Amino acid sequence: MTPEFAKIVWLVGLVAWVAIRLPYQRRGRRIKVVNDSRDTGDRIALALSALGLSIIPLVWVFTGFPASADYPFRPWQAWLGLLVEIGFIALFIASHRQLGRNWSVTLEIRDKHKLVTDGLYRFVRHPMYSSFWLWAIAQALLLPNWIAGLSGLVGVAILYFSRVSKEEAMMRQAFGREYDDYSARTGRVFPRLIR
Ligand SMILES: C[S@@+](CC[C@H](N)C(=O)[O-])C[C@H]1O[C@@H](n2cnc3c(N)ncnc32)[C@H](O)[C@@H]1O
């Protein structure tokens, strides 16, 4: 693995993110929203996650800025990054497929929204956020720059920690007891090992 190839692997992850998401975003526009729990905090968190996962690393990949934060490239680290990125893409595709018409980029309940509890959702309540964590870890492993590499983890941490409780409160309000029971038997981003 060379530094240039590691950059290409990272770029493939970014292109995959857009390509996988686009059809769901298009379809989502046609499905009525019955509860919109988005707030300014969520919009800011979404923007910061996009900054950390795309804008800052894109600037480094194409301009080398800020070169002062570079550190030596290690091929084994980049190979590990490639493996983690494959995990991200697989989980990202599967979680979109399984959420289907219930997916939203933000905090929304759609018309005829169903609580999905099968597939990956049988084990974890937030497999899409698990995939975001993998994406950010892959970025950190693939890009040997302290700022461009770690900005994804900062962006995902802001999005995850500011959103997950609000999302669960919204789901609880929409599905009541069914969501309580579902939460009791699942983990957030890791499967529950002890029941
Ligand atoms: C960006 S998606 C992320 C879904 C989930 N948090 C995950 O990480 O897989 C956010 C939207 O998905 C919907 N959602 C989340 N969990 C769901 C579930 N188990 N069943 C149906 N819809 C769900 C909610 O409408 C929420 O606004």
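Order of appearance sets the numbers: ligands from 1, and atoms from 1 within every ligand. Only a predicted model underlies this, so the values are computations on that prediction, with no experimental measurement involved.
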Participant: Can you pull out the closest protein heavy atom to atom 20 (N) of ligand 1? Residue, atom name and distance to 0.1 Å, please.
Facilitator: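 Of the protein heavy atoms, Val116 N, 2.8 Å lies nearest.
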Participant: Is Asp181 salt-bridged to Arg177, going by a charged N under 4.0 Å from an acidic O?
Facilitator: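 Salt bridge flag = yes for Arg177 with Asp181.
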Participant: Where is the nearest protein heavy atom to atom 13 (C) of ligand 1: which residue, which atom, and how far?
Facilitator: Asn102 O, 3.7 Å
Participant: Just to confirm my output: which protein heavy-atom neighbour is closest to atom 2 (S) of ligand 1, and how far is it?
Facilitator: Ser104 O, 3.2 Å
Participant: For the residue pair Arg110 / Ser104, report whether a side-chain donor-acceptor contact shorter than 3.5 Å exists.
Facilitator: yes
Participant: Please identify which atoms of ligand 1 are closer than 4.0 Å to at least one heavy atom of Leu107.
Facilitator: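 Those atoms are 27 (O).
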Participant: Looking only at non-hydrogen atoms, which of Arg110, Arg21, Glu108 approaches atom 24 (C) of ligand 1 most closely?
Facilitator: Glu108
Participant: Would you tell me which option among Glu167, His96, Glu168 has the nearest heavy-atom contact to atom 5 (C) of ligand 1?
Facilitator: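 Nearest heavy atom to atom 5 (C) of ligand 1 lies in Glu167.
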Participant: Do Trp60 and Asp70 have side-chain atoms, one donor and one acceptor, less than 3.5 Å apart?
Facilitator: yes
Participant: Check Tyr129 against ligand 1 and report side chain, backbone, both or neither, counting heavy atoms closer than 4.0 Å.
Facilitator: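 Near ligand 1, Tyr129 shows its backbone as well as its side chain.
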Participant: Under 4.0 Å from a heavy atom of Lys114: give me the atoms of ligand 1 that qualify, with their elements.
Facilitator: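 What qualifies from ligand 1 is 20 (N), 21 (C).
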Participant: To which protein heavy atom is atom 12 (O) of ligand 1 closest, and what is the distance rounded to 0.1 Å?
Facilitator: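 I find the closest protein heavy atom is Leu99 CD1, 3.8 Å.
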Participant: Under the side chain to side chain contact (heavy atoms under 4.5 Å, CB included) rule, what do Trp103 and Met128 come out as? Steps first, then yes or no, please.
Facilitator: CA-CA 10 Å; Trp103 175 84; Met128 202 174 287; 3.4 Å; yes
Participant: For the residue pair Tyr160 and Tyr129, categorise the inter-ring angle as parallel (less than 30°), tilted (30 to 60°) or perpendicular (more than 60°).
Facilitator: perpendicular
Participant: Less than 3.5 Å apart, any donor N or O on the side chain of Asn35 or Ser37 sitting next to an acceptor on the other?
Facilitator: yes
Participant: Any idea which atoms of ligand 1 are less than 4.0 Å away from a heavy-atom of Met170?
Facilitator: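 Selected atoms, number and element: 24 (C), 25 (O), 26 (C), 27 (O).
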Participant: Run the numbers for me: atoms of ligand 1, each under 4.0 Å from some heavy atom of Tyr121, listed by number.
Facilitator: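 Listed by number with element: 7 (C), 9 (O), 19 (N).
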Participant: May I ask you to say whether Glu167 pairs ionically with Arg125, meaning some side-chain N is under 4.0 Å from a carboxylate O?
Facilitator: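 No, this pair does not count.
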Participant: Give me the ring orientation class for Tyr24 and His96: parallel if the planes are under 30° apart, tilted from 30 to 60°, perpendicular past 60°.
Facilitator: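 Rings of Tyr24 and His96: tilted, as their planes differ by 30° to 60°.
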Participant: Over 60° means perpendicular and under 30° means parallel, so tell me whether Phe92 and Phe132 are parallel, tilted or perpendicular.
Facilitator: tilted
Participant: Heavy-atom contacts under 4.0 Å between Pro127 and ligand 1: side chain, backbone, both, or neither?
Facilitator: both
Participant: When you measure from atom 16 (N) of ligand 1 to each heavy atom in Gln98, Arg163, Met171, which option holds the nearest one?
Facilitator: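 Checking each option, the heavy atom nearest atom 16 (N) of ligand 1 is found in Met171.
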Participant: Taking only heavy atoms of His113 into account, list the atoms of ligand 1 that are under 4.0 Å away from them.
Facilitator: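 Near His113, the atoms of ligand 1 are 21 (C), 22 (N), 23 (C), 25 (O).
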Participant: Classify the contact between Thr106 and ligand 1 as side chain, backbone, both or neither, using a heavy-atom distance cut-off of under 4.0 Å.
Facilitator: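 Under 4.0 Å from ligand 1, Thr106 contributes backbone atoms alone.
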Participant: Check Arg163 with Asp42, please: is the shortest side-chain N to carboxylate O separation under 4.0 Å?
Facilitator: yes
